[in-house]
Amino acid sequence: MSGPRTASDYHPRWYRPYISTYWWLERRSYFAFIMRELSSIFVAWGVIYLLLLIRAVSRGGGATRYQEFLAWSVNPVVLAINVVTLGFVVYHAITWFNLSPQAMVVRIRGKRVPPFWIIASNYLACIVISAAILWLVLGGGS
Amino acid sequence: MAERITMQVARYRPEQEDAPTFQEYEVPCPEEWVVLDGLNYVKDRLDGTLSYRWSCRMGICGSCGMTVNGEPKLTCATFLSDYAPGPVRVEPLRNFPVIRDLVVEIGDFMRKLVRVKPWIVRDDEKPVSEGEYLQTPQEVDEYKQFSMCINCMLCYAACPIYGLDQAFIGPAAIALAQRYNLDTRDEGAAQRHEILSEHEGIWGCTFVGECTEVCPKNVDPAGAIQRYKLTAAMDSLRSLVMPRGGGAQ
Amino acid sequence: MAKRSLEPFLWLLFSAGGVFAALLLPSLLFLFAIAVPLGWLAPPSYEHLLGVLRHPLTRTVLFFLCSLSLIHGAHRFRYTLYEGLRMQHLNEVIVPICYGGAIVGSLWAGYVLLYMR
């Protein structure tokens with residue numbers, strides 16, 4: 001697939017520009033894409049953080065571990081990381097929902113559902129589930 | 001409305017230079033002129049040595065794709081006056097080797113296109129005497145969008161994955177494979193599956209989505225690729241769970 | 001027949017993880033990483049939280065959330081290394097580290113969710 005390497009009257013040298021490793025800084029859409037992909041790290045941290053919380057609550061020994069976890073979660077470094085994490089996790093959710101109509105075609109009675117409704121139903125599901133989680137977790141007394 | 005506009009056109013003459021340079025031309029800028037009109041003015045009146053491809057000048061042949069002010073565009077569909085007061089920078093299509101000036105080597109795409117078999121594949125053809133293949137409007141709708149591809153390769157120019165790895169099969173090839181996979185007359189999905197499932201096939205795509213953004217015909221190749229990923233993944237799952245049964249989809 | 005590749009299955013897991021992460025993580029992280037630490041919402045009582053966690057349905061959903069989101073993150077991060085930092089040539093090292101990490105994390109999640117006192 002690579003072109004001939006020597007120049008002649010009949011085989012001129014093809015010019016192949018070098019793609020920089022920082023190609024993704026050259027366009028806003030490329031940068032947004034890489035940010036979306038980097039959200040993967042923060043999704044992983046979010047999961048780890050939740051598992052640490054679950055461990056603190058369920059390890060036994062009463063509420064002390066839970067209190068210690070809550071105290072740790074207010075630590076400015078932890079808080080700063082978590083703010084960034086939440087930002088990236090929300091960015092993941094938004095980009096994921098917005099791309100959903102391209103990933104699947106939904107048909108109702110033979111007619112294609114317009115992309116707007118596919119996206120809207122995703123956001124609706126997220127809102128309903130989030131509300132359910134908040135109700136479930138905060139339902140008990142403090 | 002500006003009367004004239006400056007075009008900065010990339011020149012590459014391999015017999016005399018190692019890398020492209022820019023040459024400036026001042027061309028008239030009537031309201032209805034497109035970038036291609038500007039290039040034709042340059043070639044006809046200012047500098048006959050400029051080399052570039054064009055044909056239908058109406059957005060259906062796919063020949064005139066170039067990079068205009070950093071964006072992949074069909075030069076016959078991009079108005080000069082949109083860039084007033086200018087200058088307009090015209091470069092060859094990205095991610096392809098440059099042969100000369102604005103002409104790029106498109107052999108890579110052509111070979112990939114053939115590999116995905118973009119034609120109706122059938123085990124047995126119906127003789128003409130038996131009449132036409134019938135399709136309902138819904139069945140046409142399934143693949144119609146992907147049939148609009150004019151092979152202009154703007155999607156390849158926009159795709160960063162293709163830019164980084166020329167082995168990637170690319171958006172248009174996959175969209176065209178899907179156009180036939182989804183056609184009820186076609187029976188070749190299994191044959192295309194093998195090409196598309198290579199690592200540099202659909203699995204190289206990470207849904208950047210730039211291809212869909214630049215497509216002048218709204219083919220949505222990114223959508224075609226994601227939908228085919230689901231089809232191929234479900235097929236793989238099915239063949240894992242039911243190695244002998246399942247039937248071809 | 002093409003030799004069987006793992007990519008389709010990894011992609012399915014990645015997609016499932018993306019859905020779980022998008023639907024569940026924003027609210028959970030908002031609650032436990034921002035709102036409760038900052039005092040916007042009173043922290044749920046220890047007894048109540050433990051009661052909710054102990055429920056088998058909660059444990060199942062959380063297990064799928066954790067394991068699938070970790071695989072989702074690993075898969076995406078692997079490709080980010082290939083594309084953002086052009087590290088394809090290191091893929092023999094990257095693949096085990098990414099998916100290995102996700103598997104280890106999933107096993108840990110299973111352990112934490114299974115053994116509650």
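Nothing here was measured: the structure is a model prediction, and the numbers come from that model. Every chain is numbered from 1 and lettered A, B, ... according to where its sequence line falls, protein lines coming before strand lines.
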Query - More than 12 heavy atoms from other groups under 6.0 Å of CZ on B:F22 - result: yes
Requested in this report: Indicate whether any N or O donor in one side chain lies under 3.5 Å from an N or O acceptor in the other, for A:S29 and B:E213.
Outcome: no
Query raised in the report: What is the distance from atom CD1 of A:I19 to atom CZ of B:R94, rounded to the nearest 0.5 Å?
Result: 8.0 Å
Report task. Determine, step by step, whether A:R112 and B:E142 satisfy the salt bridge (Lys or Arg N to Asp or Glu O under 4.0 Å) criterion, reporting the C-alpha distance in whole Å, the side-chain angles of both residues, the deciding distance to 0.1 Å, and the verdict. Result -> CA-CA 10 Å; A:R112 255 171 108 149; B:E142 284 279 338; over 6 Å; no
Requested in this report: Find the one option among B:P20, B:A19, B:G70, B:A158 whose heavy-atom pairs under 4.5 Å with chain A are most numerous.
Outcome: B:P20
Requested in this report: Please state whether the side chain, the backbone, both or neither of A:Y15 comes within less than 4.5 Å of a heavy atom of chain B.
Outcome: both
Requested in this report: Examine whether an atom of B:N95 lies under 4.5 Å from a heavy atom of chain A, and if so say whether it belongs to the side chain, the backbone or both; otherwise answer neither.
Outcome: side chain
Query raised in the report: Which answer fits B:F207, side chain, backbone, both or neither, if we ask what part of it has an atom under 4.5 Å from a heavy atom of chain A?
Result: both
Query - Residue, of B:I225, B:T206, B:L230, B:T212, that accumulates the most heavy atom pairs under 4.5 Å with chain A - result: B:T206
Report task. For each of B:G209, B:A222, B:P97, B:G223, tally heavy-atom pairs with chain A at distances under 4.5 Å, and name the one with the top tally. Result -> B:P97
Report summary line: Among A:R27, A:K111, A:M104, the residue with the most heavy-atom pairs under 4.5 Å to chain B is A:R27
Requested in this report: Check whether B:E91 gets within reach of chain A through its side chain, its backbone, both or neither, counting any heavy atom under 4.5 Å.
Outcome: neither
Query raised in the report: For A:I34, is it the side chain, the backbone, both, or neither that has a heavy atom closer than 4.5 Å to a heavy atom of chain B?
Result: neither
Query raised in the report: Just by distance, do the side chain of A:R13 and the backbone of B:P14 share a donor-acceptor pair under 3.5 Å?
Result: yes
**Report entry** Interatomic distance, A:W24 atom CH2 to B:L164 atom CG [nearest 0.5 angstrom]
**Finding:** 12.0 Å
Query raised in the report: Near B:K43 NZ, under 6.0 Å, is it more than 12 heavy atoms from other residues, nucleotides or ligands?
Result: yes
